[in-house]
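A short worksheet on the structure shown next.
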Amino acid sequence: MTPSEHNPDEQTEDTSSPQSFSLAEAERIAEALVFASAEPVSEDFLAERLPLGVDIPAVMESLSSFYASRGVNLIRSADRWAFRTAADLSFVIRKDDNDVRKLSRAALEVLAIIAYHQPVTRAEIEDIRGVQTSRGTLDVLMEAGWVRFRGRRRTPGRPVTLGTTPDFLDHFGLEELRDLPGLDELKGAGLLSGRIPPNFQVPLPGMGDELQDDEDPITQMDLEELGLLTPGGEEEE
Amino acid sequence: MTPSEHNPDEQTEDTSSPQSFSLAEAERIAEALVFASAEPVSEDFLAERLPLGVDIPAVMESLSSFYASRGVNLIRSADRWAFRTAADLSFVIRKDDNDVRKLSRAALEVLAIIAYHQPVTRAEIEDIRGVQTSRGTLDVLMEAGWVRFRGRRRTPGRPVTLGTTPDFLDHFGLEELRDLPGLDELKGAGLLSGRIPPNFQVPLPGMGDELQDDEDPITQMDLEELGLLTPGGEEEE
Amino acid sequence: MAMNIAPGAIPMDKLWQEGPERAADEPALMIDVGGFEGPLDLLLHLARSQKVDLARISVLALAEQYLLFVDSARRVRLELAADYLVMAAWLAFLKSKLLIPQQAKGDDGPSGEEMAAALAFRLKRLEAMREAATRIINRNRLGRDVFARGAPEHIPHRVRSVYDASLYDLLSAYANLRQRQAVTQVTIERRKVWSLSDARELLTRMLGEVTDWTALQRYLLEYLPPADRVTATASAFAASLELVREGKIEIRQEGAFQPIYLRNGQQGLPARETVVDTF
């Protein structure tokens, strides 16, 4: 016994003429489309499925304020829409088998730096943290779908730049990057303004005692060749 | 501006006394629980999570009639509750049923080789992968619109060379081929791990569309030979 | 003395009190270096123990604390990663600059005060990022506090393409493949050496904009474990020759076995001969 009555007259034929298409009907369709999906849905996606001329932002705003007080809210994140349970109800819904990714402290720090400083290169991340990013830390963030390669910096070496994804915003309940907590204060304090003035120099990481894969260690032979050790020379204390 | 206002007073402390617990609040919780659940939800399940004394059937009936006219309906089946898209809207939801297919690992590998090593011949792909590429794999990539024939190599047998399309760049959010991460970035992201042979290299993909010195353009004849055009057929762009 | 702070009242204090009565097997250091994410993290930790606003920390005191820490680590033969030692050398250099009264202005790069300010800035920035990270992670998270539709009915797809794959999928497929195909090599155990490029990087970074003659190696070697000194000296020397050849630094030595002085090459001009055009 399905309560959903099938109203044949709602399936209007002349969807091409916008005025004949009621706002309520557009809301029903948009609601159904977003509700059906676990992933946020872009306005483009909705536009493809709604009749031409429907003011999608208006429809979504109206729906969103309608749901604001309910147990399920319509949320916008990175210009995509999704239904999410209301945050204040987490205490009832919270599941025991909560599959939220545990992040290491390093990964969390790198994530924050990428979020606030994007587009940011790996070298800049290391400059901020003062330590090399261990292999796999970025991998964890990329696998989670929160961090992506954005492009390359147009500087010598063309280093790859990193940034966050729309899924990052969705996961942390942010509508857009400007909603990052404390962004304005950090900016105001000059803490996001890229680089330290060039005449400031503090040793950077990168001196990890592990050899890079593209270098070979200096051998005894090399040192002898360079005249830095006499052949068979003893080590000095 | 997140629509989910956190109303502290909604999180009433004395959930034990049913009369203080509003019907609206019970509805919010029930709604969120049914929404977030992967399975249809039994009334027992709801009763465990709602304060004692809440009349669950009444709550559900009220919710169900609320949703009856909306794009999403709350339906009961075999004493369990679930949200379903309104039946009359299935035409929007199912508009195009071609679900997005995930690329197979083989296809991803071939695509990646083509991206990094282009222009590349089929034999070279097989050389890199160490296995034969099944016909279907390339077809899938062509169908996706990410791979195209570029030309012919001026070597014996004049093998066809493959490359990526502008759609490929578009889909993967790259501005140009040179944005593909290089060896250092792959390593840095933890995608390449362990000891890497010193001669290991990741090619820097070329600038794209222009044919290289050892490539000839593909002709009408070639396309016919490749079975992509029926003899005398028109060229499709 | 009534004001005497009980030993251990400030946890960090334990670090600096190497009581002679300490049992030989007792770990002398209460700080686990492994618990720190590099020297900057350690510095931040030390700075916090000064219990003042980061903007008002005494960088000199901080440098001294850090050097003391490194010293005590060396005394108990705790192996410190090169990162920590490089920072120690740099701080020793900074300390000497801070202690020497400022010379004629403007002719020899950043003053000790400017360098100290840069360090304070970096500490502040790192701390700010830490706080930001905490604020992000404490937001309502999807799947923990806020939930998506549990039984989605339809997954919308991107416009146009029937197939989906992310750049990450693509890159990891490629990396895996290439790695699989890479010939497995016999790995020979690494000798503990400072490679030429280690040394090169180190010199470049430490020298920075320092334009006056400095015997930088002296600072560095002091903080290296004896076993590393030969290799570090050799590599640093070879690297400095390379840098001189490229015009990046200048080098001076008074005589055999005298300290080697280094300074930034060409006073900021690019290494290669630059033709100056008039525009």
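Convention: sequence-line order gives letters A, B, ...; per-chain numbering from 1.
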Please classify the contact between [X] and chain C as side chain, backbone, both or neither, with a heavy-atom cut-off of under 4.5 Å.
X      : value
A:Y116 : side chain
A:E185 : side chain
A:I113 : both
A:L180 : side chain
A:A106 : both
A:R148 : neither

| Is any side-chain heavy atom of C:R149 closer than 4.5 Å to a side-chain heavy atom of A:F35? |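 SC-SC contact between C:R149 and A:F35 confirmed.
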
| query | Tell me, do C:Y168 and A:T165 make a side-chain contact under 4.5 Å, heavy atoms counted? | reply |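 When only atoms from C-beta onward are counted, A:T165 and C:Y168 do not touch, as no gap falls below 4.5 Å.
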
Hey, what do you get for [atom1] ([X]) to [atom2] ([Y]), rounding to the nearest 0.5 Å?
X      : Y      : atom1 : atom2 : result
A:H171 : C:R141 : NE2   : CZ    : 3.5 Å
C:R130 : A:I128 : CZ    : CD1   : 12.0 Å
A:F172 : C:R144 : CZ    : CZ    : 8.5 Å

| Stepwise, does the side-chain contact (heavy atoms from CB on, under 4.5 Å) test hold for A:F168 with C:I136? | CA-CA 10 Å; A:F168 163 79; C:I136 286 182; 4.2 Å; yes

Report the option among [options] that has the most heavy-atom pairs separated by less than 4.5 Å from atoms of chain A.
options                       : result
C:L91, C:L142, C:L94, C:N138  : C:L142
C:S172, C:A151, C:A133        : C:A133
C:L241, C:D41, C:T134, C:V146 : C:V146

| message | side-chain contact (heavy atoms from CB on, under 4.5 Å), that's the test. Do C:F147 and A:R84 meet it? Break it down for me. | response | CA-CA 5 Å; C:F147 298 85; A:R84 300 287 182 244; over 6 Å; no

| request: Using the salt bridge (charged side-chain N to carboxylate O under 4.0 Å, His left out) rule, take A:D127 and C:R125 through it: C-alpha gap first, then chi angles, then the decisive distance, then the call. | output: CA-CA 10 Å; A:D127 180 50; C:R125 187 174 60 176; 3.1 Å; yes

| field | Evaluation steps, side-chain contact (heavy atoms from CB on, under 4.5 Å), between C:L167 and A:M142 | value | CA-CA 10 Å; C:L167 186 58; A:M142 290 213 256; over 6 Å; no

| said: Quick check on C:L171 against chain A: is it the side chain, the backbone, both or neither that has a heavy atom closer than 4.5 Å? | reply: side chain

| query | Which bit of C:I137 comes within less than 4.5 Å of chain A, counting heavy atoms only: side chain, backbone, both or neither? | reply |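 Contact with chain A: backbone and side chain both.
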
| request: Indicate the atoms forming the closest heavy-atom contact of C:A148 with A:A38, along with that distance. | output: CB-O, 3.9 Å

| Closest approach of A:S37 and C:P152, non-hydrogen atoms and distance? |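 The pair with the smallest heavy-atom distance is C-CB, 4.3 Å.
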
| Short side-chain to backbone donor-acceptor contact, C:R139 and A:G173, under 3.5 Å |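 Side chain of C:R139 to backbone of A:G173, a donor-acceptor pair under 3.5 Å: yes, one is there.
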
| remark: With chain C, the option among A:D170, A:L111, A:L174 that has the most non-hydrogen atom pairs under 4.5 Å is A:L174

| task | Just give me the residue among A:L108, A:V72, A:L103 that pairs up with chain C most often, heavy atom to heavy atom, under 4.5 Å. | result |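 With the most close heavy-atom pairs to chain C, the winner is A:L108.
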
| Member of A:V110, A:I125, A:L192, A:L191 meeting the side-chain contact (heavy atoms from CB on, under 4.5 Å) criterion with C:M129 | A:L192

